Number of protein chains: 2
Amino acid sequence: MIPEAVPAHAPLELEHFLPYRLSILSNTVSQGIAAEYVERFQLSMTEWRVMTILARFPEVSAREVVERTAMDKVAVSRAVARLVEAGRVDRGTHDGDKRRSVLKLSDAGWAIHDEVAPLARAHERELLAKLDEAERVQLDRILDKLLA
Amino acid sequence: MIPEAVPAHAPLELEHFLPYRLSILSNTVSQGIAAEYVERFQLSMTEWRVMTILARFPEVSAREVVERTAMDKVAVSRAVARLVEAGRVDRGTHDGDKRRSVLKLSDAGWAIHDEVAPLARAHERELLAKLDEAERVQLDRILDKLLA
DNA sequence: CCGTTATAGTTTCACCTGTAACCATTTGCA
DNA sequence: TGCAAATGGTTACAGGTGAAACTATAACGG
């Protein structure tokens, strides 16, 4: 038996470690977009996410927002409270179930949405411009699988 | 001129919006891994990240950790402070530059590293198992490009 | 040399976040 | 019916986070 050298410890190589790379990429991208609206509209990232859901599915309850965004229910509750406070979202009560809220963008909310959405899309395009068409298709398929 | 209907507003479709999908995926994966060590070792995600850097690049300064992780310098400072406090990292001072710290894992730090690293790798394997070999190669190339 | 500027790292502050406990309402079933 | 369990949503608390200000040391330029 030849004596072994130091057992090596096998450190992770972060630069090839998928969860790490995803985290860096996601943070970079999201913060890049957020930088455009956080200051300009005093709008947090969670608030913006809620707004995008309300834009796409009007008259939903807070619970549906939670389901559709995978955000924490407390985070949604607070984001909605701030949006209502700021006059960007109208909150009503569901007929027949007084627990449920009914949320929708106000005119002011829509105005902000219509300014921010194109900025967000532009960022996405910029990101995707780094890939060729085949790669874009591949990425889409891969994300579908990983998110399933 | 035919009067237009409602101007449409063109809401983002989050479920096809790349930054959003990346964010969901990244959070799911990172939290899945963190769930394994946060409770068990009283170790935060930022502390673990610092440890992985120190495992791979012994004797670095806090600044180098910042550069390699894209983490905030304040976050690193605090994570290091807690790790030192817990006896998992030894902090020295650089010869010839008293501002710089010299960080490395202690034996206790290595022991934790050697337990957590395989768990992290197992999670990565589990995630990648959803893809076939061609897709894994594609994903790697795509991430290289997007992160460049 | 000596004063200005830059750098490594920490502290402070104001805010965001998740967990758990909570309140009000509704549902389910005995 | 009527009461326990479930559900929608908020509040309280105990951290975590980044920006900006601060301290100590080092580098630079006259």
Side-chain angles (χ1 to χ4, degrees), chain A residues 23-24 26-28 30-35 37-39 41-50 53-54 57 59-86 89-103, chain B residues 23-24 26-28 30-32 34-35 37-39 41-50 53-54 57 59-86 89-104:
Chain A
S23 168
I24 298 284
S26 169
N27 287 344
T28 308
S30 286
Q31 281 171 24
I33 301 177
Y37 58 73
V38 168
E39 187 121 355
F41 298 100
Q42 318 277 52
L43 190 67
S44 78
M45 212 162 84
T46 45
E47 288 169 64
W48 168 243
R49 282 207 181 156
V50 170
I53 297 294
L54 300 187
F57 308 98
E59 313 264 323
V60 298
S61 67
R63 194 182 133 277
E64 282 177 78
V65 174
V66 169
E67 283 172 3
R68 292 188 181 280
T69 53
M71 285 167 53
D72 187 80
K73 100 196 224 188
V74 178
V76 169
S77 170
R78 281 189 278 237
V80 168
R82 281 191 300 265
L83 288 167
V84 170
E85 170 71 22
V89 165
D90 295 330
R91 170 162 46 187
T93 303
H94 185 93
D95 306 345
D97 186 344
K98 291 178 201 156
R99 291 170 309 178
R100 245 175 267 185
S101 56
V102 178
L103 306 169
Chain B
S23 168
I24 298 285
S26 170
N27 288 344
T28 307
S30 287
Q31 281 171 24
Y37 58 74
V38 167
E39 185 122 355
F41 299 99
Q42 317 276 53
L43 189 67
S44 78
M45 212 161 84
T46 44
E47 288 169 63
W48 169 243
R49 284 211 179 151
V50 171
I53 297 294
L54 299 188
F57 308 99
E59 313 266 324
V60 297
S61 67
R63 193 181 134 278
E64 282 177 78
V65 174
V66 168
E67 283 172 1
R68 290 186 183 281
T69 53
M71 284 167 56
D72 187 79
K73 98 196 222 188
V74 179
V76 170
S77 170
R78 281 188 279 237
V80 168
R82 280 191 300 265
L83 288 168
V84 170
E85 170 70 22
V89 165
D90 295 330
R91 170 164 44 189
T93 302
H94 185 94
D95 305 347
D97 187 345
K98 292 179 202 157
R99 293 171 306 177
R100 246 176 266 184
S101 56
V102 178
L103 306 170
K104 60 180 170 185

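Throughout, protein chains are lettered first and strands after them, A, B, ... in sequence-line order, and every chain is numbered starting at 1. All values below come from the heavy atoms of this structure, side chains included, with hydrogens, waters and symmetry mates left out. Just so you know, these numbers come straight off a predicted model, no measurement behind them.
Residue A:Ser44 is classed as having no contact, given no heavy-atom separation below 4.0 Å to the nucleic acid.
Within the structure, a side-chain polar atom (N or O) of A:Ser101 is placed less than 4.0 Å from OP1 or OP2 of D:dG9. Between A:Ser77 and the phosphate of D:dG9, there is no side-chain N or O to OP1/OP2 separation shorter than 4.0 Å. Checking the phosphate oxygens (OP1, OP2) of C:dA8, a side-chain nitrogen or oxygen of B:Arg63 falls inside 4.0 Å. Proximity of B:Arg82 to the phosphate of C:dT10: no side-chain N or O atom is located under 4.0 Å from OP1 or OP2.
If you take CE of A:Met45 and P of D:dT17, they are 14 Å apart, rounded to a whole angstrom. Counting to the nearest Å, the C1' atom of D:dG9 and the CD atom of A:Glu67 are 14 Å from each other. If you measure from atom CE of B:Met71 to atom C1' of C:dG9, you get 14 Å, rounded to the nearest angstrom. The interatomic distance linking B:Asp72 (CG) with D:dA19 (C1') rounds to 8 Å, in whole Å. Between the C1' atom of D:dT7 and the CD atom of A:Glu64 lies a distance of 14 Å, rounded to the nearest Å. The nearest whole Å value for the distance from the NZ atom in B:Lys73 to the C1' atom in D:dT17 is 15 Å. If you measure from atom NE2 of B:His94 to atom C1' of C:dA8, you get 12 Å, rounded to the nearest angstrom. Atom CZ of A:Arg100 and atom C1' of C:dT27 are 11 Å apart (whole Å).
Interface remark: the B:Arg99 side chain does form a donor-acceptor pair with the C:dT7 base, using a distance-only criterion of under 3.5 Å. Checked by distance alone, B:Arg78 brings a side-chain donor or acceptor within 3.5 Å of a matching partner on the base of D:dG18.
Residue B:Ser61 has its side chain nearest to C:dG9 when only C:dA20, C:dT12, C:dG9 are considered. Distances were taken from every side-chain heavy atom of A:Lys98 (C-beta onward) to each of D:dT10, C:dT26, D:dG16; the shortest belongs to C:dT26.
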From CA spacing to verdict: side-chain contact (heavy atoms from CB on, under 4.5 Å), B:Leu54, B:Val60: CA-CA 7 Å; B:Leu54 299 188; B:Val60 297; 3.5 Å; yes
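Between B:Val80 and B:Gln31, it is B:Val80 whose nearest contact on DNA chain C lies nearer the 5' terminus.
A:Val50 is not listed as a side-chain neighbour of A:Thr46, based on a closest heavy-atom distance of 4.5 Å or more. With a 4.5 Å cut-off on side-chain heavy atoms, A:Glu64 and A:Phe57 do not count as touching. A heavy-atom distance below 4.5 Å is not found between the side chains of A:Ser61 and A:His94.
Counting only N and O atoms by type, the side chains of A:Ser23 and B:Arg49 include a donor and acceptor under 3.5 Å apart.
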